[in-house]
Amino acid sequence: LRRIRERGIDDLGNPVDPFDDTAGELPLRCCLRDSVVGERVAAIGYNPFPWSGPYAETGPVFIHARACQGYSDRDSYPAGFRHRQQIFRAYGPDRRIVSAEIVEGTQAEAVLARLLAHSEVDFVHSRNVAYGCYMFAIHRG
């Protein structure tokens, strides 16, 4: 994100166009919480996959326009998304979707444990239900 903010261009070549959030509740990818009214944010195009293919989705991601604290608690589900439904998409090592579920934030850990219990699941992506924004990835151990 530092590189994108400094260059002013996302990885897809789109200009970063910051704006003042007037409504709040945008899912911020940088710190894994919702925005609040008045924060300076930007939408960027993002593809979290290190490969290309039909399941390697690119989509919008909201970030703070300037650097923030980020998200540091990598061992727990983000408290800032506990109130949101998410889509969990489980991917296999063959780069295909193995399973997908719409999940209430309060049930996230149970669903993740169930998905990751399957040997064919390599990792899980969390995405916004309505707009498909990539939120974060969950990997084994």
Side-chain angles (χ1 to χ4, degrees), residues 1-53 55-141:
L1 287 178
R2 180 178 41 220
R3 179 178 39 78
I4 289 171
R5 288 179 180 120
E6 287 173 1
R7 286 183 13 202
I9 297 174
D10 68 19
D11 287 341
L12 304 173
N14 302 306
V16 176
D17 187 19
F19 60 94
D20 292 324
D21 187 353
T22 59
E25 299 184 5
L26 293 172
L28 295 169
R29 168 65 183 94
C30 49
C31 53
L32 300 183
R33 67 165 176 83
D34 284 350
S35 65
V36 296
V37 172
E39 285 187 297
R40 192 93 171 133
V41 297
I44 62 170
Y46 184 69
N47 180 333
F49 295 92
W51 61 75
S52 62
Y55 296 98
E57 297 176 75
T58 298
V61 173
F62 291 99
I63 61 169
H64 279 114
R66 291 194 168 87
C68 66
Q69 295 286 14
Y71 186 76
S72 59
D73 187 5
R74 296 180 179 265
D75 295 326
S76 64
Y77 192 81
F81 287 168
R82 234 349 124 195
H83 69 287
R84 296 187 163 265
Q85 280 189 328
Q86 294 287 295
I87 295 174
F88 285 173
R89 292 190 184 139
Y91 295 85
D94 63 354
R95 302 177 178 171
R96 294 178 183 264
I97 296 175
V98 174
S99 183
E101 290 189 41
I102 295 176
V103 180
E104 297 297 331
T106 56
Q107 302 299 313
E109 286 91 343
V111 175
L112 285 169
R114 186 173 69 248
L115 289 170
L116 291 170
H118 297 284
S119 60
E120 68 273 12
V121 173
D122 207 24
F123 61 94
V124 177
H125 277 185
S126 175
R127 288 187 175 262
N128 181 280
V129 172
Y131 296 98
C133 300
Y134 169 77
M135 297 290 96
F136 55 91
I138 303 96
H139 297 270
R140 295 181 191 280

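The basis for the numbers below is simple: all heavy atoms, side chains too, and nothing from hydrogens, waters or symmetry mates.
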Closest non-hydrogen atom pair, [X] against [Y]:
X: Y46; Y: V61; answer: CB-CG2, 3.5 Å
X: V16; Y: I9; answer: CG2-N, 3.8 Å
X: P18; Y: A42; answer: CA-CB, 4.0 Å
X: C133; Y: F62; answer: SG-CE1, 4.3 Å
X: G105; Y: R82; answer: O-NH1, 2.8 Å

In the structure I gave you, are the side-chain heavy atoms of [X] and [Y] within less than 4.5 Å of one another anywhere?
X: Y134; Y: E57; answer: no
X: F81; Y: L32; answer: yes
X: V121; Y: S99; answer: no
X: D34; Y: H83; answer: yes

Could you state the interatomic distance from [atom1] ([X]) to [atom2] ([Y]), rounded to the nearest 0.5 Å?
X: R29; Y: L1; atom1: CZ; atom2: CG; answer: 7.5 Å
X: T58; Y: L12; atom1: OG1; atom2: CG; answer: 5.5 Å
X: M135; Y: L28; atom1: CE; atom2: CG; answer: 8.5 Å
X: L115; Y: I138; atom1: CG; atom2: CD1; answer: 9.0 Å
X: R95; Y: S52; atom1: CZ; atom2: OG; answer: 7.5 Å
X: I4; Y: D11; atom1: CD1; atom2: CG; answer: 4.0 Å

Does atom [atom1] of [X] have more than 12 heavy-atom neighbours, drawn from other residues, nucleotides or ligands, at distances under 6.0 Å?
X: R96; atom1: CZ; answer: no
X: D17; atom1: CG; answer: no
X: R40; atom1: CZ; answer: yes
X: F19; atom1: CZ; answer: yes
X: R140; atom1: CZ; answer: yes

Is [X] reaching over with its side chain to a backbone N or O of [Y], donor-acceptor style, under 3.5 angstrom?
X: S35; Y: E25; result: yes
X: R127; Y: G132; result: yes
X: Q107; Y: E104; result: no

Residues in ring-ring contact (aromatic ring centres under 6.0 Å, His included) contact with Y77, at least two apart in sequence or another chain: F136
Step-by-step side-chain contact (heavy atoms from CB on, under 4.5 Å) determination, C30 to R5: CA-CA 12 Å; C30 49; R5 288 179 180 120; 3.9 Å; yes
Residue pairs, two or more places apart or on separate chains, that pass side chain to side chain donor-acceptor pair (under 3.5 Å) and touch residues 113-124: E101-R114
Pair R84-N128, side-chain contact (heavy atoms from CB on, under 4.5 Å): steps then yes or no: CA-CA 8 Å; R84 296 187 163 265; N128 181 280; 3.1 Å; yes
For S76, all residues meeting side-chain contact (heavy atoms from CB on, under 4.5 Å), sequence neighbours excluded: Y71, D73
Derivation and outcome, side-chain contact (heavy atoms from CB on, under 4.5 Å), residues V124 and L116: CA-CA 8 Å; V124 177; L116 291 170; 3.9 Å; yes
